[in-house]
Participant: 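Below: one structure in structure tokens.
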Protein chains: 2
Amino acid sequence: MSKHNGASAEPIRTAITNDDGIDLSIIELLFFAYRDFTSDPDHILAGYGFGRAHHRVLHFVNRMPGLTVAELLDVLQITKQSLARVLKQLIDTGHIVQLQGPRDRRQRELYPTAKGRELALALARPQSRRIHAALENAQPAERQGIESFLKAMVNPEWRVQIDNLPANTRGKSHGDE
Amino acid sequence: MSKHNGASAEPIRTAITNDDGIDLSIIELLFFAYRDFTSDPDHILAGYGFGRAHHRVLHFVNRMPGLTVAELLDVLQITKQSLARVLKQLIDTGHIVQLQGPRDRRQRELYPTAKGRELALALARPQSRRIHAALENAQPAERQGIESFLKAMVNPEWRVQIDNLPANTRGKSHGDE
DNA sequence: AATTTATGTCAGCCATGTTGACATATTTTG
DNA sequence: CAAAATATGTCAACATGGCTGACATAAATT
């Protein structure tokens, strides 16, 4: 009560540290690493008038060509109204095309164009370079440990999303045909 | 030209894969891992009417008690107008207090209150638990490999931000006194 | 024929970032 | 001491990208 303001909540002058039983090192490393990891594509996107939302859509359409709008909503976990805005822009700018679903003509299958493919690769390239540099003097086992850790950080019920991506299923198309 | 629309950009039906020379595995693992990593505190914050912006402010004030507004802006890399809104809320709700700087009375040193400390720990705890679970059967060397990788993902010029945090400097206050 | 489903769209709200301009108190400088 | 620079606060306007709710359309299913 030697303090001077009416509310007079006492300031705590000591820092939270690892001694509090919290793994602060990795919490903060993830924060800073992810921030810089996303800064690469963010810069490129700004030049197109696009944002991170466009990046995510473009990425998954390139990774799962022919996926439907509903499937994309599942992966991104956003509402269709949110998707609509960025998807419309990507279609208007010729990065993505919609084809009527062959089985169910209500569905719209989403495919990248050559332009969309190029942009997706241009966005992924600096991220890949950063990863490559960060793994420069890493043993194969170390890389394996990092992948295992990151996958274990994902909620178990969503790990299928990762397993279903074509890089991990050796060229299998995402669809059921 | 068997397609039907005027723009008629050809759909690409193959997926981008690791064969394109891109490290898609880790790119996507980072995306999914970070999404779920942040979902824990996001849920708690929603109950307070707070967002991720509040989390970041609260976290660094708890990690560097007594830092000034300008220092916080440096760490967060946002504008003071952006900070003003969330900081005001955190002060109004009694999570953070401002003290006039002792050396320079223009400065406002930011400190957590007991309430703010508790919330910061409550937000960090599930993240720490998730990390702990993900490292369950990891060797110490594996953990070291993960930390090295994450740090190497950060832009070199900003790695000092990590080194200056008290967990990594063994209790040293961030200030110069 | 009626219902359900997949998609699109309109309108409005909220959170969090931005820029620019200006006010105030305080410190530093000439 | 007066002037300039600095630290902070605040006002206004704007952009992005989420959200909800409501409703329209076409196609598939019942």
Side-chain angles (χ1 to χ4, degrees), chain A residues 35 38-39 41-61 66-93 96-111 175, chain B residues 4-5 35 38-39 41-61 66-93 96-111 175:
Chain A
R35 179 169 76 178
T38 53
S39 71
D42 281 354
H43 277 114
I44 299 171
L45 288 158
Y48 290 77
F50 290 161
R52 244 177 242 187
H54 300 84
H55 186 187
R56 292 194 287 267
V57 170
L58 193 59
H59 179 89
F60 285 107
V61 168
L67 88 172
T68 64
V69 169
E71 286 171 332
L72 183 54
L73 291 175
D74 268 2
V75 174
L76 299 181
Q77 294 180 182
I78 56 173
T79 60
K80 66 175 171 179
Q81 296 91 330
S82 296
L83 174 60
R85 281 190 292 228
V86 299
L87 183 55
K88 188 174 192 313
Q89 287 179 273
L90 287 167
I91 289 167
D92 289 349
T93 53
I96 291 180
V97 289
Q98 288 179 310
L99 298 187
Q100 204 169 49
R103 294 175 292 282
D104 185 335
R105 294 187 308 174
R106 289 171 304 181
Q107 294 182 334
R108 300 298 141 90
E109 295 186 343
L110 303 173
Y111 293 92
Chain B
H4 50 284
N5 65 341
R35 179 169 75 177
T38 53
S39 72
D42 281 353
H43 277 114
I44 298 171
L45 289 159
Y48 290 78
F50 290 161
R52 244 177 242 187
H54 301 84
H55 187 186
R56 291 194 288 267
V57 170
L58 193 59
H59 180 89
F60 286 107
V61 169
L67 87 172
T68 64
V69 169
E71 287 170 333
L72 184 53
L73 291 176
D74 268 2
V75 173
L76 299 181
Q77 295 181 179
I78 57 174
T79 60
K80 66 175 171 178
Q81 295 92 329
S82 296
L83 175 61
R85 281 189 294 230
V86 300
L87 183 55
K88 188 173 192 314
Q89 288 178 273
L90 287 167
I91 290 167
D92 290 348
T93 52
I96 290 179
V97 288
Q98 288 179 311
L99 299 187
Q100 203 169 50
R103 294 173 294 281
D104 185 335
R105 292 186 309 176
R106 289 171 304 181
Q107 294 182 333
R108 299 298 140 90
E109 295 185 344
L110 304 173
Y111 294 92

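Note on naming: letters A, B, ... go to the chains in the order of the sequence lines (proteins, then strands), and numbering restarts at 1 for each one.
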Participant: What is the distance, to the nearest angstrom, from the CZ atom on A:R106 to the C1' atom on C:dT7?
Facilitator: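 Rounded to the whole Å, the gap is 9 Å.
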Participant: Ignoring backbone atoms, establish whether B:R105 has a side-chain N or O less than 4.0 Å from OP1 or OP2 of C:dT27.
Facilitator: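 Yes, B:R105 has a side-chain N/O under 4.0 Å of OP1/OP2 on C:dT27.
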Participant: Between A:R35 and B:V75, which heavy-atom pair has the shortest distance, and what is it?
Facilitator: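 That would be NH1-O, 3.2 Å.
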Participant: Is there a donor-acceptor pair under 3.5 Å between the side chain of A:H55 and the backbone N or O of A:G51?
Facilitator: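 Not at all, since once roles are kept as given, no pair shorter than 3.5 Å links the two residues.
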Participant: Send over the distance from B:L67 CG to D:dT8 P, rounded to a whole Å.
Facilitator: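 For the pair B:L67 CG and D:dT8 P, the rounded distance is 10 Å.
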Participant: Kindly give the heavy-atom pair with the smallest separation between B:F50 and B:L90, and that separation in Å.
Facilitator: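 Minimum heavy-atom contact is CE1-CD2, 3.8 Å.
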Participant: Students often get this wrong, so: under 4.0 angstrom with heavy atoms, is A:R52 touching a base, only sugar-phosphate, or nothing?
Facilitator: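 The residue A:R52 makes sugar-phosphate contact but no base contact.
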Participant: How do B:Q81 and A:G49 order along DNA chain D: which one's closest nucleotide is nearer the 5' end?
Facilitator: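 On the 5' side of the pair lies B:Q81.
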Participant: Output yes when at least one side-chain N/O atom of B:Q98 is less than 4.0 Å from OP1 or OP2 of D:dG9, else no.
Facilitator: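 Yes, B:Q98 has a side-chain N/O under 4.0 Å of OP1/OP2 on D:dG9.
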Participant: Looking for any heavy atom pair under 4.0 Å, which part of the strands does B:K80 touch: base, sugar-phosphate only, or nothing?
Facilitator: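 Base: the residue B:K80, judged by heavy atoms under 4.0 Å, touches a nucleobase.
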Participant: Taking atom types as modelled and ignoring hydrogens, do the side chains of A:T38 and A:R52 form a donor-acceptor contact shorter than 3.5 angstrom?
Facilitator: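 Yes, side-chain donor-acceptor contact under 3.5 Å.
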Participant: In whole angstrom, what separates A:D42's CG from C:dG17's C1'?
Facilitator: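 Between C1' of C:dG17 and CG of A:D42: 12 Å.
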Participant: Under 3.5 Å, is there a donor-acceptor pair between the side chain of A:T93 and the main chain of A:Q89?
Facilitator: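 Yes, the answer is positive, given that a donor and an acceptor are paired below the 3.5 Å cut-off.
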Participant: Starting at atom CZ of B:R56, determine the distance to atom P of C:dT16, rounded to an integer number of angstrom.
Facilitator: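 Going from CZ in B:R56 over to P in C:dT16 covers 8 Å.
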Participant: Can a side chain N or O of B:T79 be found less than 4.0 Å away from OP1 or OP2 on C:dT18?
Facilitator: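 It does, given that an N or O in the side chain of B:T79 lies less than 4.0 Å from OP1 or OP2 of C:dT18.
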Participant: Can you tell me how far P of C:dT16 sits from NE2 of B:H55, to the nearest Å?
Facilitator: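 Interatomic distance, NE2 of B:H55 to P of C:dT16: 13 Å.
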Participant: Would you mind reading off the distance between B:L45 atom CG and C:dC14 atom C1', rounded to a whole angstrom?
Facilitator: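 In whole Å, C:dC14 C1' and B:L45 CG are 16 Å from each other.
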Participant: Given atom NE2 of B:H54 and atom P of C:dG17, what is their separation to the nearest angstrom?
Facilitator: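 Spelled out: NE2 on B:H54 to P on C:dG17 is 9 Å.
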Participant: Under 4.0 Å between a side-chain N/O of B:S82 and OP1 or OP2 of C:dT16, yes or no?
Facilitator: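 For B:S82, the contact criterion (side-chain N or O under 4.0 Å from OP1 or OP2 of C:dT16) is not met.
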Participant: Rounded off to whole Å, could you give me the CG-to-C1' distance for the B:L90 and C:dA15 pair?
Facilitator: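 So the two atoms are 14 Å apart, to the nearest Å.
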